[in-house]
Amino acid sequence: MSALLVVIAAALSAVSGLPPLLARKHSRGADLFSAALLVTGSLVGLAAVGTAVAGVGGPPLRLEWHLPGALLEIAVDGLSALFLLPLFVISGLGAVYATSYWPPLRHPRTAPLLRLFYGVTTSAIAIVFVARNSILFLMAWEVMALGAFLMVLTEGRRRDVRQAGWIYITATHTGTLALFALFAIVASLNEGSFHLGLLRAGLASSPAGMAVFWLALFGFGLKAGIMPMHIWLPGAHAATPSHVSALMSGVLIKTGIYGLVRILSLFPDPPLLWGGVLLAFGAVSGVLGVAYALGQHDLKKLLAYHSIENIGIITMGLGLWLGGRSLGEPVWAVLGLAGGLLHVVNHAFFKALLFLGAGSVIHATGTREMDRMGGLLGRLPRTSSTFLVGAVAICGLPPLNGFVSEFLIYLGLLRPATSPGPVAIGAAGAAAALALIGGLALSCFVKAFGTVFLGTPRDPATFRAHEASAMTLPLLILSGLCVFVGLFPFATAPLLNRACLGAGLPADVSRAAPLATLSLVQIAIAAVLLGVSWLLARRLRDDVARRQPLPTWDCGYAAGTSRMQYTSSSFASWSVDLFRWALSPREEKPRFPHPFPAKGHYESHVPDAVLDRILVPAFRRGGWLLSRARVIQRGQMQLYLLYVVIILLVLLWRV
Amino acid sequence: MTLFADPVLVLVMLVNFVVLGTSRMRATIRASAAQGAILAVLPLLVQQEVRWHILVMAAGAATLKGLVIPGLLQKAMRDVQIRHEVEPYVGFLASLFIGAGGSGMAILFSSKLPLAPEHAGGLLVPAALSTVFTGFLILVTRRKAISQVVGYLVLENGIFIFGLLLIDAMPFMVEIGVLLDLFVGIFVMGIIMNRIREEFASLDTEHLAELRD
Amino acid sequence: MGTYLASIAIHEILLLFMPPLLLGVINKTKAVFAGRTGPPLLQPYYDLARLFRKGSVFSSTTTWVFRAAPAIGLASGLLAAQFVPLGRHPAPVSFEGDLFLFVYLFGLARFFTATAALDTGSAFEGMGAAREVSFGSLAEPALILGLLVLARLSGSLSLGPMLHDPWSAGWLTRGASLVLVAASWAIVLLAENCRIPFDDPNTHLELTMIHEVMVLDHSGPAFGVILYGASVKLFVLGALLLHLLFPFGQLDPGLDWIGFVAGMVFLAISVGVVESITARLRLSRVPQLLVTASVLSAFGMLLVVR
């Protein structure tokens with residue numbers, strides 16, 4: 001039944017873009033109808049998730065298809081259900097959000113197309129999560145990639161957007177190339193069948209198995225944004241409209257994680273190397289992702305780099321899972337996989353929340369530069385409180401949901417760290433990396449929340465800010481979900497258990513981790529925090545009521561302006577300095593040759609090292625080399641025929 | 001017996017970090033002197049029974065490494081007016097990380113070495129390896145001649161710890177070796193420092209690069 | 001059961017009433033070193049009482065974040081203290097993996113303190129907040145790595161049992177790594193509580209301070225809550241470190257409490273001595289020392305795993 005429901009949901013999403021396209025221009029009714037279609041699709045999809053988790057999902061759906069090797073085989077197991085959950089939550093809420101964030105009235109040219117691509121991409125992602133045949137999987141994968149590409153190009157008139165789009169399409173097709181090879185090898189290991197089923201034991205350590213691992217890490221890692229395969233991610237996330245960024249960051253990049261789990265779970269006996277490699281890649285992505293995030297002053301790029309960080313945390317969980325399986329330690333494996341997968345869901349919730357919140361801020365102020373914002377808390381009260389919830393959650397702080405998934409991974413790392421042997425060193429290093437990630441993420445979100453919402457407005461544009469209710473409703477729902485998962489982590493146990501089962505690991509998460517106790521403690525923490533705040537607030541009530549319009553203590557300097565507030569770049573400069581060796585920030589400083597210098601100009605950027613320092617120069621060099629080959633392009637017909645003859649002769653001679 | 005030696009060896013390894021992490025020249029000299037003095041105690045702890053020549057050796061090593069050489073270095077610092085900062089090629093934090101990584105590798109590596117059973121569990125070999133590594137690191141990454149001498153001293157200390165492995169088997173050889181080593185060490189340092197000072201009136205090894213064609 | 005409840009009650013009483021005493025002891029020690037009589041030992045209590053009686057002034061820039069932050073900071077410290085045993089007695093709350101909650105609760109406090117500082121819109125407070133969060137992120141790995149060392153030594157996954165007498169297996173075999181962790185945590189203790197050599201709780205030079213500069217704009221009861229919260233943090237981290245320095249549990253339970261209080265006073269005196277005889281570090285050297293703390297803990301881990 002779940003399989004059928006998912007197909008219905010996918011179909012509804014796919015057609016949801018048609019009404020605005022067919023209707024008259026700027027028709028608000030058609031737009032609302034489209035959103036309603038997508039929300040209905042999401043609800044149907046969530047019903048599918050519910051039935052699958054409850055264990056009444058029924059048999060998979062199988063239909064013959066006139067393509068060699070292909071079979072329309074759709075099954076919703078726990079793993080699919082876990083990834084479908086954030087997909088349907090976010091696509092539905094994003095559709096509601098878009099009705100007032102990107103209305104056809106203001107964007108008559110792009111809005112209808114955006115609705116179409118959004119629906120089609122949602123539907124393609126849904127099929128990716130449930131396809132059990134590698135050809136169907138790849139087709140859905142391509143539709144998803146192209147849909148996302150077209151959405152990135154929504155504002156294609158801008159140069160930076162076009163550039164981000166090209167980088168994305170190049171990256172995603174490079175990844176797809178790897179996936180073609182990957183699925184071919186898997187099919188050959190599977191006696192030529194393209195059905196994605198469990199493989200024989202003993203294949204994992206063979207050269208073919210190793211090739212599958214590295215190809216999966218590259219191909220799926222490119223989609224997920226594991227460093228250093230993250231090059232496309234910040235640009236594309238920043239360029240798209242915010243509800244699309246929410247979908248991309250919340251769900252689309254998770255298809256990479258899904259692919260990794262699905263493919264690696266086909267091997268019953270992964271070698272220890274796999275786990276170690278994933279743990280190392282995860283730690284590097286996590287630490288450097290957040291370090292890059294600290295260097296950004298574009299709000300959406302900052303959030304995009306945080307996606308890389310969180311993908312790193314998830315990858316660490318997956319590494320623990322593989323390591324636990326190789327060493328025959330089911331508890332480590334369960335904690336790692338459950339922690340990683342719960343972080344997939346959690347990250348989807350709080351990152352969508354943050355991207356949508358950022359969208360509201362950008363919508364209100366008309367800029368993505370954090371250093372031009374400030375003091376928005378009073379003007380966007382609901383956006384700012386929900387953004388704060390998201391910020392606390394993404395830092396992994398108790399009592400919200402981010403802490404729960406990081407707790408599972410920590411607990412999973414603690415066990416190998418206390419067991420004999422050198423595994424402990426790796427686990428301890430990973431735990432230390434996770435702690436560092438947590439601390440740096442905290443400073444990054446203090447910076448983001450502080451510069452955007454607190455203090456006084458740095459730019460006059462900020463004064464006009466206001467918020468719309470269709471845009472705050474999704475924010476409230478998402479922050480409710482963050483609080484819910486944080487306070488009642490045991491409620492996620494059935495979902496996680498079934499997801500682990502889907503990855504071939506029979507699990508009881510509540511037995512592996514004290515989820516019920518954690519739930520009690522989290523509720524107690526929330527209660528104490530609220531209680532103490534309430535007591536203090538009551539004590540301060542009279543003073544607040546009586547307060548006079550007084551300035552902040554300015555240390556005796558009476559002519560301070562709002563431009564003198566600490567900016568996001570200065571706030572992060574300590575941490576950026578610590579990671580100077582990796583980030584290599586660019587600075588443009590004014591010179592002061594005389595005692596009375598002319599007007600100066602200061603600029604600092606943290607460009608992406610992999611893209612700007614390695615790939616772009618390498619491609620430029622490559623392009624130059626290839627341009628040498630242009631000598632043979634003479635434009636004369638006879639010459640080309642000669643080439644053909646020469647090639648023919650060479651081939652014949654070789655034969 | 002090695003039970004008592006292990007905490008001392010940890011101390012020695014910690015001094016490595018201090019030498020790597022401090023920016024003050026005098027502090028690094030003092031730290032290396034302290035390391036030498038701590039090391040002088042080690043023969044007494046590693047040895048099964050106390051013999052007089054071990055005592056003499058300990059006393060000699062302590063005076064030389066703890067007092068004489070550092071004293072000479074401090075005097076050299078006074079004689080030539082140079083800045084008291086270390087001025088490394090590689091930052092302090094980075095060299096600290098590299099040193100810590102090296103020590104970790106030393107511990108892991110020495111657990112793989114085919115050692116005599118009485119040395120296998122202890123910290124003697126890891127401490128020796130990591131001290132030698134630290135010495136090399138300082139020699140490679142520091143600019144001033146005096147820092148180079150400090151690096152050489154630390155390297156020496158590492159070799160000294162290695163020598164302790166043999167103390168039961170051939171005590172006399174070890175002593176001779178150690179003393180000879182020290183002698184050569186002081187000799188070489190003295191020559192290098194004198195030459196640099198005479199030639200350039202400073203103690204920066206970068207000036208040596210000007211001697212090439 | 002009765003003794004358990006009694007020990008919980010004593011735990012809470014000590015936690016609620018003892019922390020300001022530590023500040024008094026530190027100040028007294030510093031006064032003695034400086035040849036002054038110094039304020040009375042109980043001065044911090046008087047200060048807190050005075051602040052709670054006062055009214056407060058709020059800048060018109062600030063919002064509810066500014067007013068909620070002191071309470072959240074204090075509550076997080078008190079909550080974190082529930083996982084730490086004092087002396088050989090059980091911690092009130094203990095479960096598998098609570099050490100991570102312990103560390104992250106301090107993160108929560110840091111998040112809100114720094115956010116409140118940015119809420120004022122003052123450049124000085126922004127500076128302090130930037131320093132606080134950057135240095136805090138470096139202290140976290142040191143704390144976690146040290147806890148992992150203890151977890152490995154004790155074989156336990158929760159904070160209470162792993163702190164109960166880490167010395168019991170003999171200090172000769174584990175002494176080295178315990179000393180390393182203790183050194184690392186001593187650095188963390190001084191840095192996180194903004195003591196010299198990292199920060200000077202007494203100066204009012206805004207440009208050189210870390211913690212004090214973040215709370216410049218708080219006044220009255222809110223400032224009292226902040227002061228009290230800071231002393232609770234000192235108390236909790238101090239109790240953590242104390243378990244590495246003293247073998248509790250050799251005496252009978254009653255004497256053990258007295259031993260704990262004496263140990264905490266001794267720790268406060270040591271902090272006072274350190275503050276009196278060291279100069280403040282140059283600000284740019286602070287991260288270096290914090291990284292050193294992590295390196296020490298990591299090294300301790302290596303020694304244990306070997």
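Keep in mind the model is a prediction, meaning the values are calculated, not measured.
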Distance-only side-chain donor-acceptor flag, [X] / [Y], under 3.5 Å:
X        : Y        : result
C:Glu125 : A:Tyr566 : no
A:Asp371 : A:Thr451 : no
A:Thr552 : C:Ser122 : no
C:Asp119 : C:Thr63  : yes
C:Thr61  : C:Ser59  : yes

So which part of [X] gets closer than 4.5 Å to some heavy atom of chain A, the side chain, the backbone, both or neither?
X        : answer
C:Ala114 : both
C:Leu79  : side chain
C:Leu99  : side chain
C:Ala129 : both
C:Phe106 : neither
C:Thr62  : both
C:Val57  : side chain
C:Leu157 : both
C:Phe58  : both

So for [X], is it side chain, backbone, both, or neither that comes closer than 4.5 Å to the heavy atoms of chain C?
X        : result
A:Val544 : both
A:Leu536 : side chain
A:Cys395 : both
A:Leu388 : side chain
A:Leu436 : both
A:Ser573 : neither

Mind ranking [options] by heavy-atom pairs under 4.5 Å with chain C and telling me who comes out on top?
options                                : result
A:Val446, A:Val532, A:Thr517           : A:Val446
A:Tyr410, A:Phe445, A:Phe449, A:Phe407 : A:Tyr410
A:Ser562, A:Pro399, A:Ser419           : A:Ser419
A:Ala428, A:Pro549, A:Ala524           : A:Ala428
A:Ile525, A:Thr456, A:Leu434           : A:Ile525
A:Ser533, A:Pro398, A:Gly450           : A:Pro398

Under 6.0 Å between ring centres, would you say that holds for C:Phe135 and A:Trp574?
-> yes
Any idea which heavy atoms bring [X] and [Y] closest together, and the distance?
X        : Y        : result
A:Ala393 : A:Asn401 : CB-OD1, 3.3 Å
A:Ala512 : A:Val334 : CB-CG1, 4.2 Å
A:Val483 : A:Val389 : CG2-CG1, 4.5 Å

Charged N-O contact under 4.0 Å between C:Glu192 and C:Lys233 = yes
Out of C:Ala142, C:Ala68, C:Ser56, which one racks up the most heavy-atom pairs below 4.5 Å with chain A?
-> C:Ser56
Max heavy-atom pair count under 4.5 Å with chain A, selected residue of C:Asp217, C:Leu145, C:Val93 | C:Asp217
Kindly say whether [Y] contributes a backbone atom to a donor-acceptor pair with the side chain of [X] at under 3.5 angstrom?
X        : Y        : result
A:Arg539 : C:Phe52  : yes
A:Arg458 : A:Met373 : yes
C:Arg110 : C:Gly73  : no
A:Thr418 : A:Leu414 : yes

